[in-house]
Amino acid sequence: MRVEIENLSKSWDGVIGADNITIDIPDGDMVAFLGPSGCGKTTTLLMVAGIYKPTGGTISFDGRVVNEVAPKDRGIGMVFQSYALYPHMSVFGNISYPLRLQKLDKGDIKQKVQKVADMMGIGDLLDRKIAQLSGGQQQRVSLGRALVKEPQLLLFDEPLSNLDARLRLTMRGEIKRLQKDLGITSIYVTHDQIEAMTMADRIAVMSKGVLQAYDVPEALYDRPKTLFVAGFVGNPPMNFFDVEIMSTNGEFRARSEAIDLVIPRDRAEKAAAVKGKITMGLRPEDVTFADESSSAGAGLTLTGVAEVVEPLGREDLVGVSINGVEMRVLVDKTKGVRVGNNITLVVNTSKLQLFDPETEQSLLWA
Amino acid sequence: MAQSLDKDTLARAAIGAPGPQRGTLGRRVRNTFTAYGFLGPAMGLVLFFFVIPGILLVVLSLTDLSSANFSDPWTFIGLDNFERLFADPFFPKILRNTVFYVFTTLIFFNLGLALVLALVTTNIPRRSGFFFRLIWLLPRLTPSVVYILMWKRIGQADPFGIYNQLFPEFLGASGGNLFLGGSPWTFVILTNGFVGASFGMIIFTSALESIPKDLITAAKVDGANVWRIIRDIKLPMIKWPLLFIATYQTLSLLTSFEYILLLTEGGPGLFTTEVWALTAYKRAFASYFGNSQWAFGATWAIVLVTVALLLAVIYVKLFKFNELIEEPRIENL
Ligand SMILES: Nc1ncnc2c1ncn2[C@@H]1O[C@H](COP(=O)(O)OP(=O)(O)O)[C@@H](O)[C@H]1O
Ligand SMILES: [Mg+2]
């Protein structure tokens, strides 16, 4: 089912939950709503579910405006962070509840519930009470309850946030596979950008009730349209520097008191319109260590002192102070960087991002 | 079985209590003292306000003590008072009145209206909900005498009563069919019910508000309408408060009589609205001919206390209150 959200807004006397959101979700796609806590993800999702009444804008399912349609008539299934299982009902009672409300035949209900429960791997737990289940099992029951009525649209509100890291990884894969197999259009709310990047076909990045970007994951990563998206997507986050762009002898340089880098002409020219300071972004993985073998050209290196070393397992995340400016860099741990080491860095300037500090919009990707 | 032994050990470990074999005598004594220390205040209250008065009541009910023979030493007369009580020609009527009064008020007001008020005021904007609950609390804050005086004014016969002036045509062709002297039970139950409902209302409101919002959202998405949400989600989730209020209010109504005393004095006529607790009061302190039959009043009271105790036990068993204090399970992830 295609879902079109147009200029959707919600506010409660002065408090803005969602501000003029426009998102078009193609049939069968999984879209992630990504953003920090309180940015309006749940508000938007609950409007799609029909729980909140929009203060403005429209929601259409397959071209039909559903603003006035009750939640029960929207053909949706929903999964919550809290699981929201009915504690006084058994597993069977929970999964069968939507069907019992439809007054289906007892035999049909039994059969459908069993089928969904088997699919979720909880077929043998149907008689259990909810309190007798682990968190992972509860979330499977919750998924089963959402799927049993064969919804046209699945809504997930941070479904994995209450699970431990290992289980989260497993469930992530399972939900994605299930969604692809069943081909159900889905909205997946999360504050975890890795979840969004790995699961979603497209990601809607939100901040303070405003849609910041809506695009495929790679585009958000490589071509962030706003400073917020650049900073929020990617882990560890992008480094930002205040620089001025100068052109000397046909070469473009990004310069500040701390740094001086030669930057590619195609990117620099797009920033030419802005006078004064601009914000330059560099991802931690686009900076490498210079060793004897690498002979980077002049103007592509930075020197500094390692101030923090955080081992991440395969790599170390090193905080380098470059003439007083902090920069995070991902380094192979075999380099054995220690705090206090003097370090020379080679910058992959072809990947750098440039933003207007006033409007916080990208100067490269309009 | 090994499993039960394990559970026992675990439970002990969880509360830091020593195992059966371990622990010195001194430690055990200390633990016992700690336990009684915590129990002490509550046990003191029960002792002074229930057990001791109860014993006095039993002793008193076996004597012939009254204001007429106050100066003489007490005479124990065995079960004479009890025989007199059960032989009383109005005993069946008072019993019927009491059962009718307690359960009608309980079902329609202390539970029914309380639940309706709680459901409605939690479903409108918070401030309005709070305002309406406050209004329903007011009768409870009004002194009983003032409260009943107002009801008497409302319930006066046609054409004086406020009700009959406001709705002259509402009940009966001539109007004014509804007045205190004509429908005393209606007024007895309304006066008690309007006050009684607010307690349940407050308890149910907080219980309803503590139901997670997600659960209601989930039910709506699952396809439940307002009634199904109330029936399938809200009522089961406030099961314990409902059972508690049912129990508590049954016992509380059983022993309450002051509104009836002020409103009808058990009348009009002979024992029309007289309930058990009122009889006990009247026998002990307000008998006619200037004789307060303390011992006989005590007999009515002790029978009432016994019935109340039995009812309490029945409620606790029937509603399985022991499940409420079930041992917590250890989380299995
Ligand atoms: N029912 C409500 N009444 C008033 N404000 C609300 C309500 N629900 C959400 N908000 C506000 O709207 C904003 C967005 O909230 P929400 O959508 O829950 O954020 P998210 O799910 O992204 O963490 C927050 O500032 C929150 O305080
Ligand atoms: Mg949320």
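Here is the naming used below: chain letters follow the sequence lines, and residue numbers restart at 1 for every chain. Fair warning: this is a prediction, and the values are worked out from it, not measured in the lab.
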**Message:** Counting only heavy atoms from other residues, nucleotides and ligands, does the tally under 6.0 Å from NZ of A:K115 exceed 12?
**Reply:** no
**Request:** With rounding to the nearest 0.5 Å, note down the distance linking CZ in A:R100 to CZ in B:R228.
**Result:** 7.5 Å
**Asked** In Å and rounded to the nearest 0.5 Å, what is the NZ to CD1 distance from B:K213 to A:I51?
**Response** 12.0 Å
**Complete:** All heavy atoms of A:A84 vs all of B:A218, minimum pair found to be O-CB, 3.9 Å
**Request:** Output yes when a side-chain donor or acceptor of A:H88 lies under 3.5 Å from a complementary backbone atom of B:D232, and no otherwise.
**Result:** yes
**Asked** More than 12 foreign heavy atoms under 6.0 Å from OH of B:Y315: is that the case here?
**Response** yes
**Request:** In plain terms, say whether A:R145 and B:D222 are close enough for a salt bridge, that is, a side-chain N and a carboxylate O under 4.0 Å apart.
**Result:** yes
**Message:** Counting only heavy atoms not in A:F92 (residues, nucleotides, ligands), do more than 12 fall under 6.0 Å from its CZ?
**Reply:** yes
**Fill in**
Looking only at A:L155, A:I76, A:D157, most heavy-atom pairs under 4.5 Å shared with chain B are made by A:I76
**B:P236 vs A:M89 side-chain heavy atoms within contact, under 4.5 Å** = no
**Message:** Just checking A:Q111: does its CD atom have more than 12 heavy atoms from other residues, nucleotides or ligands closer to it than 6.0 angstrom?
**Reply:** no
**side chain to side chain contact (heavy atoms under 4.5 Å, CB included) partner of B:L215, chosen from A:F80, A:Y83, A:Y86** = A:Y86
**Request:** Decide yes or no on side-chain contact (heavy atoms from CB on, under 4.5 Å) for A:K72 and B:V221, but give the supporting numbers first.
**Result:** CA-CA 5 Å; A:K72 68 188 176 74; B:V221 168; over 6 Å; no
**Asked** Should we say atom CH2 of B:W227 is surrounded by more than 12 heavy atoms from elsewhere, each under 6.0 Å from it?
**Response** no
**Request:** Return the option, out of A:D73, A:V79, A:L85, with the maximum number of heavy-atom pairs under 4.5 Å with chain B.
**Result:** A:L85
**Asked** For atom NZ of A:K110, is the number of surrounding heavy atoms from other residues, nucleotides or ligands below 6.0 Å larger than 12?
**Response** no
